[in-house]
Amino acid sequence: MEPDEWKAATDLTLLRKKLLAWYRQNARDLPWRRTRDPYHIWISEIMLQQTTVATVRGYFERFLDRFPSIEDLASAPEEAVLHLWQGLGYYRRARHLHRAAQIIVRDFGGQFPTDPDEIRGLPGLGRYTANAIACFALNHRLPIIEANTRRLWTRLTAATGNPAKPPLATSLWQLAQDVLPKREFADFNQGAMDLGSMICTPKSPECDKCPLAPFCIAHQTGTETQFPQLAPRRAFVDVEHVTVLLWDKEKNQLLVTQRPDDGPWAGLWEFPRVEKRDEEDHLSAATRAVKSFTLQEFQTRSAVMTLRHGIMHFKVTLTCYEAELLRSTPSKATVPSGIRWVSPKDLPTLPFSSPQRRIIARLLKHPVPERRSRAKSRRDSRSQDVT
Ligand code: SF4
């Protein structure tokens with residue numbers, strides 16, 4: 001059914017009453033709901049994009065402890081912001097937050113803007129996030145459409161078509177605006193999100209507990225899980241990456257490199273890493289990874305661990321090699337920007353992606369001298385000089 005037709009046939013006053021009553025009984029107690037501070041709500045909304053509430057709780061509190069005000073966030077080095085974001089993924093969000101904080105300090109005197117259009121003009125703020133901040137913190141009567149409410153409204157209306165794209169996306173935003181009560185609109189929006197998240201779940205909606213079941217076309221026709229009609233997800237692609245722990249033995253340091261400003265893990269640090277080409281073996285890929293960051297002579301040793309992780313639509317098998325400089329880096333040598341030599345114990349002070357932090361965790365589990373002697377005995381029996 002078209003959202004407009006459904007709206008005309010529905011008792012919206014009763015629907016609002018039922019949803020608000022359900023929300024009063026069932027609202028989740030979340031740290032960012034105990035405040036009207038737009039800075040706090042902004043941080044929570046950005047963290048909640050692509051991330052579960054359970055994961056966000058701890059990050060949210062740590063982030064505000066470290067950056068209690070917009071000024072604190074704006075004046076922090078980007079590396080410190082990324083460091084706190086480690087493990088949340090989608091690091092572009094953290095960089096946008098940082099940039100937006102600097103804009104707020106520069107253009108708005110450190111006060112979060114109150115005009116929804118100005119909020120939406122900040123980096124990283126789309127229509128949903130801007131409306132959420134404007135509604136929950138600043139009392140603007142604006143609609144919310146995100147994954148949970150999109151699922152809820154498409155099931156209620158049994159609207160066909162892709163709800164992420166016009167024309168259905170446009171109709172759903174309009175519907176979400178039209179159903180808002182004159183008062184308590186923030187609770188209504190929160191209630192719709194909670195109902196979508198807790199009851200109208202993607203695979204097994206609990207319609208017998210749903211206060212909106214009498215209004216729901218999908219429920220009445222037994223077609224709940226046929227909505228929303230999203231485009232199929234891209235299929236996963238298997239890829240192999242090789243990363244290298246390049247040791248400067250004399251200084252007990254490892255080479256780390258900073259990811260460029262765009263692309264996955266932008267601004268984070270990692271051990272030299274490449275995607276393995278079909279025509280090369282792992283050892284050659286490991287050597288290529290190191291050669292792209294140093295002109296010094298080195299020896300690639302053996303693989304020390306393999307782990308698997310996902311990023312976007314890629315399933316990555318990451319093989320970690322060890323390599324050694326044949327001569328230590330001269331103390332006065334200039335190290336190019338984007339490259340650092342770091343002792344193992346200092347690695348946790350830099351922001352790394354989750355898979356790289358798993359390597360560091362394993363590395364730090366074993367005291368270095370012990371790890372070295374094991375590496376030495378492996379070398380004696382299995383080394384292969386590919387320099
Ligand atoms: S009745 Fe079922 S499908 Fe319809 S909104 Fe409620 S939970 Fe979702």
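Scope of the values below: all heavy atoms of this structure, side chains included, with no hydrogens, waters or symmetry mates. What you see is a predicted model; the values in this text were computed from it and never measured.
None of Arg95, Arg99, Arg92 except one satisfies the salt bridge (Lys or Arg N to Asp or Glu O under 4.0 Å) rule with Asp261; the exception is Arg95. Among Arg273, Glu270, Arg340, the single residue meeting the side chain to side chain contact (heavy atoms under 4.5 Å, CB included) criterion with Thr257 is Glu270.
Put simply, the side chain of Thr201 does not reach to within 4.5 Å of the side chain of Lys203, judged on heavy atoms. No side-chain heavy atom of Phe293 sits less than 4.5 Å from a side-chain heavy atom of Leu246. Between Leu245 and Ile359, the closest side-chain pair of non-hydrogen atoms falls below 4.5 Å. Put simply, the side chain of Leu175 does not reach to within 4.5 Å of the side chain of Pro143, judged on heavy atoms. Between Pro351 and Trp85 there is no side-chain heavy-atom pair separated by less than 4.5 Å. Using a 4.5 Å heavy-atom threshold, the side chains of Phe188 and Leu15 count as touching.
Both Leu195 and Trp153 belong to a common hydrophobic cluster when Ile, Leu, Val, Met, Phe, Trp and Tyr are linked at side-chain heavy-atom distances under 4.5 angstrom. Following chains of ILVMFWY side-chain contacts shorter than 4.5 Å, one cannot reach Val239 starting from Phe236, and the two form parts of different hydrophobic clusters. Grouping the Ile, Leu, Val, Met, Phe, Trp and Tyr side chains by contacts below 4.5 angstrom, directly or via other members, places Trp173 with Leu168. Cluster annotation: Leu363 is connected to Met305 through the hydrophobic network of ILVMFWY side chains, with a link wherever side-chain heavy atoms come within less than 4.5 Å.
Counted by atom type alone, Gln174 and Asp178 present one or more donor-acceptor pairs between their side chains at under 3.5 Å.
Using a 4.0 Å cut-off between a side-chain N of Lys or Arg and a carboxylate O of Asp or Glu, Arg34 and Asp29 qualify as a salt bridge.
Pairing each heavy atom of Arg141 with each of Leu180, the nearest pair is NH2-O, 2.8 Å. Between Phe352 and Tyr91, the shortest heavy-atom contact is O-OH, 4.2 Å. Heavy atoms only, all atoms of each residue included: Leu138 and Pro38 are closest at CD2-CG, 4.3 Å. For the pair Gln229 and Pro163, the tightest heavy-atom approach, listed with the atom from each and the gap, is O-CD, 3.7 Å. Residues Arg151 and Thr154 come closest through the heavy atom pair O-OG1, 3.1 Å. Taking every heavy atom of both residues into account, His219 and Ala213 meet most closely at CD2-CB, 3.9 Å.
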- prompt: Going through the distances and angles, do Asp346 and Ser343 end up as a side-chain hydrogen bond (donor to acceptor under 3.5 Å, both in side chains)?
  reply: CA-CA 5 Å; Asp346 290 334; Ser343 71; 3.1 Å; yes
message: Determine whether Asp4 and Lys7 satisfy the following criterion, salt bridge (charged side-chain N to carboxylate O under 4.0 Å, His left out), listing intermediate values before the conclusion.
response: CA-CA 5 Å; Asp4 265 354; Lys7 196 176 65 188; 3.6 Å; yes
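Phe60 and His40 have perpendicular rings, their planes meeting at more than 60° on a 0 to 90° scale where under 30° would count as parallel. Taking the six-membered ring where tryptophan is involved, the planes of Tyr321 and His282 are essentially parallel, since the angle between them stays under 30° and well short of 60°.
In this structure, Gln86 contributes its side chain and His83 its backbone to a donor-acceptor pair below 3.5 Å.
Checked against a 6.0 Å centroid threshold, the rings of Phe112 and Phe108 do not count as neighbours.
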